[in-house]
Amino acid sequence: MKEKLRVGILGATGMVGQRFISLLENHPWYEVTVVAASSKSAGKTYEEAVGNRWKMDTPIPMKIKSLMVMNVHEVDEISAQVDFVFSAVDMNKEEIRNIEDAYAKAEIPVVSNNSAHRWTKDVPMVIPEINAEHFEVIEAQKKRLGTTRGFVAVKPNCSIQSYAPVLTAWKMFEPEEVVATTYQAISGAGKTFKEWPEMIENIIPFISGEEEKSEQEPLKIWGEVIDGEIVKADLPVITTQCIRVPVLNGHTSAVFVKFAKKPTKEQLIEKLLEYEGTPQKLHLPSAPKQFIQYLEEENRPEVKKDVNYENGMGISVGRLREDTIFDFKFVGLSHNTIRGAAGGAILCAETLTAQGYIQTK
């Protein structure tokens, strides 16, 4: 790419916004030119607005420190300075839908980490290795919005990243029933142990809204585009429990699967290792070379050893074995704020760029 695309980050001071900034620091295609947040932060430099709330392991990039934070509601002013935006705003769902639609109608593509538009029928919700073809629904969305280049695309919830790709790799064996329990890191709530000391040596067996997302979002991802809308799949039937655990980064899942066609363990592992999608075929900048790794050790995947596999963009699977009630069970692991949030959104943007949906103005 000869000229980098100009990127704005909406909700830049929060944890996911910070992750966007850290991941985009040396991106070969994109350059952050606008950081936007609430009116409380607007008018301050980014360094001043974040203060002591920077949560990444690496420091704030030098180019970003002195950027003046803009008010996220200054749609026209921000739109004039960017080619597209990432959305990680902290608002209620109606406000998020309104602000993302406002940018789209201002002819700015929006790639969102938020859940507000995930069930809008003409908004693609994409894990690029699985359903990049769903981006074709954007043309129907543009007609609804009355735009030529503006649209909204979203990535799914972080909780499904450790098992939805695995089940996709096994699609030929027709998974019918799935039971998944996810053990989710505190960064999924935008917090650290310093901010949430009650999570130290603790487990909370409830995360609001998470189980519904974990059961239903994979079905939209596996759905079909029909007459300008995404129609969700009927199978597999998924039931979940989502539990908050004292881990900073990394969502682990324990999953049981029943298949219509009965595979062997060797066949399942083979399908995991050979699975690839659009990002691998296009050699996108953020794409993991090996999307899913299988670990033979009995005590893997392990958060401390495996959460950063493929720079946090890969999926780790282990403990695959036959089950006495279901057919097989396994343990999966994914990085919730990289693959499950900002990194997944960046990979969506790269796919959209490669497919021509995001271009310079």
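The first residue of the sequence shown is numbered 1, and numbering continues consecutively from there.
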[X] side chain to [Y] backbone, donor-acceptor under 3.5 Å:
{"X": "Gln280", "Y": "Pro288", "answer": "yes"}
{"X": "Ser187", "Y": "Gly190", "answer": "no"}
{"X": "Ser79", "Y": "Val75", "answer": "yes"}
{"X": "Arg149", "Y": "Pro109", "answer": "no"}
{"X": "Arg97", "Y": "Thr120", "answer": "no"}
{"X": "His134", "Y": "Val123", "answer": "no"}
{"X": "Glu195", "Y": "Thr192", "answer": "yes"}
{"X": "His251", "Y": "Cys158", "answer": "no"}
{"X": "Lys258", "Y": "Glu177", "answer": "no"}
{"X": "Lys155", "Y": "Ile346", "answer": "no"}

Does atom [atom1] ([X]) have a neighbourhood of more than 12 heavy atoms from anything else shown, all under 6.0 Å?
{"X": "Glu274", "atom1": "CD", "value": "yes"}
{"X": "Lys143", "atom1": "NZ", "value": "no"}
{"X": "Glu198", "atom1": "CD", "value": "yes"}
{"X": "Lys121", "atom1": "NZ", "value": "no"}
{"X": "Glu94", "atom1": "CD", "value": "no"}
{"X": "Glu139", "atom1": "CD", "value": "yes"}
{"X": "Arg319", "atom1": "CZ", "value": "no"}

Query raised in the report: CD1 of Ile325 to CG of Asp323: how many Å apart, nearest 0.5 Å?
Result: 6.0 Å
Does any non-hydrogen side-chain atom of [Y] lie less than 4.5 Å from one of [X]?
{"X": "Ile138", "Y": "Leu352", "answer": "yes"}
{"X": "Met125", "Y": "Ile221", "answer": "yes"}
{"X": "Phe291", "Y": "Arg339", "answer": "yes"}
{"X": "Asn157", "Y": "Ser115", "answer": "no"}
{"X": "Ile338", "Y": "Asn311", "answer": "no"}
{"X": "Asn114", "Y": "Val89", "answer": "yes"}
{"X": "Tyr163", "Y": "Ser214", "answer": "yes"}
{"X": "Gln241", "Y": "Thr182", "answer": "no"}

For [X] against [Y], the heavy-atom pair lying closest together:
{"X": "Ile160", "Y": "Pro165", "value": "O-CD, 3.8 Å"}
{"X": "Val245", "Y": "Ile186", "value": "O-CG2, 3.6 Å"}
{"X": "Phe135", "Y": "Gln355", "value": "CD1-OE1, 3.5 Å"}
{"X": "Ile292", "Y": "Tyr275", "value": "CD1-CD2, 4.3 Å"}
{"X": "Val137", "Y": "Gly228", "value": "CG2-O, 3.3 Å"}
{"X": "Thr33", "Y": "Leu67", "value": "O-CD2, 4.1 Å"}

Requested in this report: Run through Arg144, Lys142, His117 and flag the one making a side-chain hydrogen bond (donor to acceptor under 3.5 Å, both in side chains) with Asp122.
Outcome: Arg144
Taking atom types as modelled, find out whether [X] and [Y] have a side-chain donor-acceptor pair closer than 3.5 angstrom.
{"X": "Glu95", "Y": "Asn92", "answer": "yes"}
{"X": "Glu350", "Y": "Thr353", "answer": "no"}
{"X": "Trp222", "Y": "Thr168", "answer": "yes"}

Query raised in the report: Going hydrophobic residue to hydrophobic residue with side-chain gaps under 4.5 angstrom, can you get from Val35 over to Ile99?
Result: no
Query raised in the report: So Ser38 and Asn71, side-chain hydrogen bond (donor to acceptor under 3.5 Å, both in side chains) or not? Walk me through it.
Result: CA-CA 6 Å; Ser38 69; Asn71 188 324; over 6 Å; no
Requested in this report: Answer yes or no on whether Lys271 is positioned over the face of Trp170, meaning its NZ or CZ is under 6.0 Å from the six-membered ring centre and within 45° of the axis.
Outcome: no
If the threshold is 4.0 Å, N to carboxylate O, is there a salt bridge linking [X] and [Y]?
{"X": "Lys361", "Y": "Glu107", "value": "no"}
{"X": "Glu174", "Y": "Lys261", "value": "yes"}
{"X": "Arg6", "Y": "Glu31", "value": "no"}

Requested in this report: Start with the C-alpha gap between Thr360 and Asp83, add the side-chain angles, then the distance that decides, and say whether side-chain hydrogen bond (donor to acceptor under 3.5 Å, both in side chains) holds.
Outcome: CA-CA 6 Å; Thr360 55; Asp83 294 306; 5.5 Å; no
Requested in this report: Determine, step by step, whether Thr13 and Trp54 satisfy the side chain to side chain contact (heavy atoms under 4.5 Å, CB included) criterion, reporting the C-alpha distance in whole Å, the side-chain angles of both residues, the deciding distance to 0.1 Å, and the verdict.
Outcome: CA-CA 8 Å; Thr13 58; Trp54 181 255; over 6 Å; no
Requested in this report: Please assess Arg19 against His335 for the test side chain to side chain contact (heavy atoms under 4.5 Å, CB included), listing each intermediate value before the final yes or no.
Outcome: CA-CA 12 Å; Arg19 182 66 76 181; His335 197 302; 3.8 Å; yes
Query raised in the report: How far apart are the C-alpha atoms of Gln18 and Tyr46, what are their side-chain angles, what is the distance that settles it, and do they pass the side chain to side chain contact (heavy atoms under 4.5 Å, CB included) test?
Result: CA-CA 10 Å; Gln18 292 177 23; Tyr46 185 77; 3.5 Å; yes
Query raised in the report: Would Glu176 and Val237 satisfy side chain to side chain contact (heavy atoms under 4.5 Å, CB included), going step by step from the backbone distance to the final call?
Result: CA-CA 6 Å; Glu176 293 182 308; Val237 177; over 6 Å; no
Requested in this report: Check step by step if side-chain hydrogen bond (donor to acceptor under 3.5 Å, both in side chains) holds for Glu310 and Gln290.
Outcome: CA-CA 8 Å; Glu310 288 279 12; Gln290 179 70 42; over 6 Å; no
Requested in this report: Answer yes if the ring centres of Tyr30 and Phe84 are under 6.0 angstrom apart, and no otherwise.
Outcome: yes
Query raised in the report: side-chain hydrogen bond (donor to acceptor under 3.5 Å, both in side chains) between Ser316 and Gln293: does it pass, once the steps are laid out?
Result: CA-CA 5 Å; Ser316 298; Gln293 69 167 340; 2.8 Å; yes
**Report entry** Phe20 and Phe86 aromatic ring geometry - parallel, tilted or perpendicular at 30°/60° bounds
**Finding:** parallel
